[in-house]
Amino acid sequence: MCKKMIFDILTLFPEMFHSPLEGSIIGKAREAGLIQVNLFNIRDYAKGKHRVTDDYPYGGGKGMIMKPEPIMRGIEAIQSGNPEARVILMTPQGYPLGQEMVKRLAQLAHLILICGRYEGVDERVRDVVDEEISIGDYVLTGGELAALVVIDAVSRQIPGVLGDEEASEDDSFSRGLLEHPQYTRPREFAGRKVPEILLSGDHQAIEQWRRQEAVRRTWKRRPDLLSKAGLSEDEHKIFDELKGSSETD
Ligand code: ADE
């Protein structure tokens, strides 16, 4: 039996999740019961006639802040039956999401993702949050798209969500290198040819070429990754050769 992963989402805009969770691989994973996504509207946990979820910042300043009580009540309601669920706040101030973090989260059975809006959430919400995640150094209009990114990236790590072949495909990236170039038919398109070596049938040579191109691409585009990547002896050699040549991409 494959394990099922549960994502509980606390948001003011549950409708933002509908279409992205319906189609393609994520839709199929939900149908197969490999993942489950439950949407909770923060407004449902707000009290009073107007169910207010935001208010002005103490000390002044622009914009509105999300009130703590509705979010806290929402977390409590979800957690009441699932005390082990990990509570995550989506925020640009969080720890950066990367493939390592994705793999760690995929080991868990239950995530509660809180989507902030406006100028952020009342600081006291952070007291009940286990971790804070940012999907990049830019500010979105809310945490919804960030939560969808987490759901997507984590789900594809769950056994059964991708086919076996696809599942091994991110090996190169999880080792800290960018993926090598890929080609499909036709052999020649608008005067651009597929590299001869990929048509050679020489699997060893193809593997060597792919590693070389992965190292080259990473070096050109993300040298920061290269210093952290666990390069094999072979790849080190490739890298040294690339550095030695004056060639550019
Ligand atoms: N909410 C707004 N911007 C965000 C970001 N970059 N990551 C996560 N949540 C966010």
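Numbers for residues simply follow the sequence, beginning at 1. Atoms within each ligand, like the ligands themselves, are counted from 1 in listed order.
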Side chain to side chain donor-acceptor pair (under 3.5 Å) filter on Asp224, not counting sequence neighbours, yields Arg222
Contacts of Arg187 meeting side chain to side chain donor-acceptor pair (under 3.5 Å) (sequence neighbours excluded), chain-then-number -> none
Using heavy atoms and a strict 4.0 Å limit, residues surrounding ligand 1 turn out to be Met90, Thr91, Pro92, Ile133, Ser134, Ile135, Gly136, Tyr138, Val139, Leu140, Gly142, Gly143, Ala146
Salt bridge (charged side-chain N to carboxylate O under 4.0 Å, His left out) filter on Arg126, not counting sequence neighbours, yields Glu123, Glu132
Between Tyr56 and Ile65, does a side chain to side chain contact (heavy atoms under 4.5 Å, CB included) hold up when you go through it step by step? CA-CA 6 Å; Tyr56 296 98; Ile65 307 296; over 6 Å; no
Check the angle between the aromatic planes of Tyr45 and Phe40 and answer parallel, tilted or perpendicular using the 30° and 60° thresholds. tilted
Exercise. Do Glu235 and Ser232 get their side chains close enough for a donor-acceptor pair, meaning under 3.5 Å?
Worked result: yes
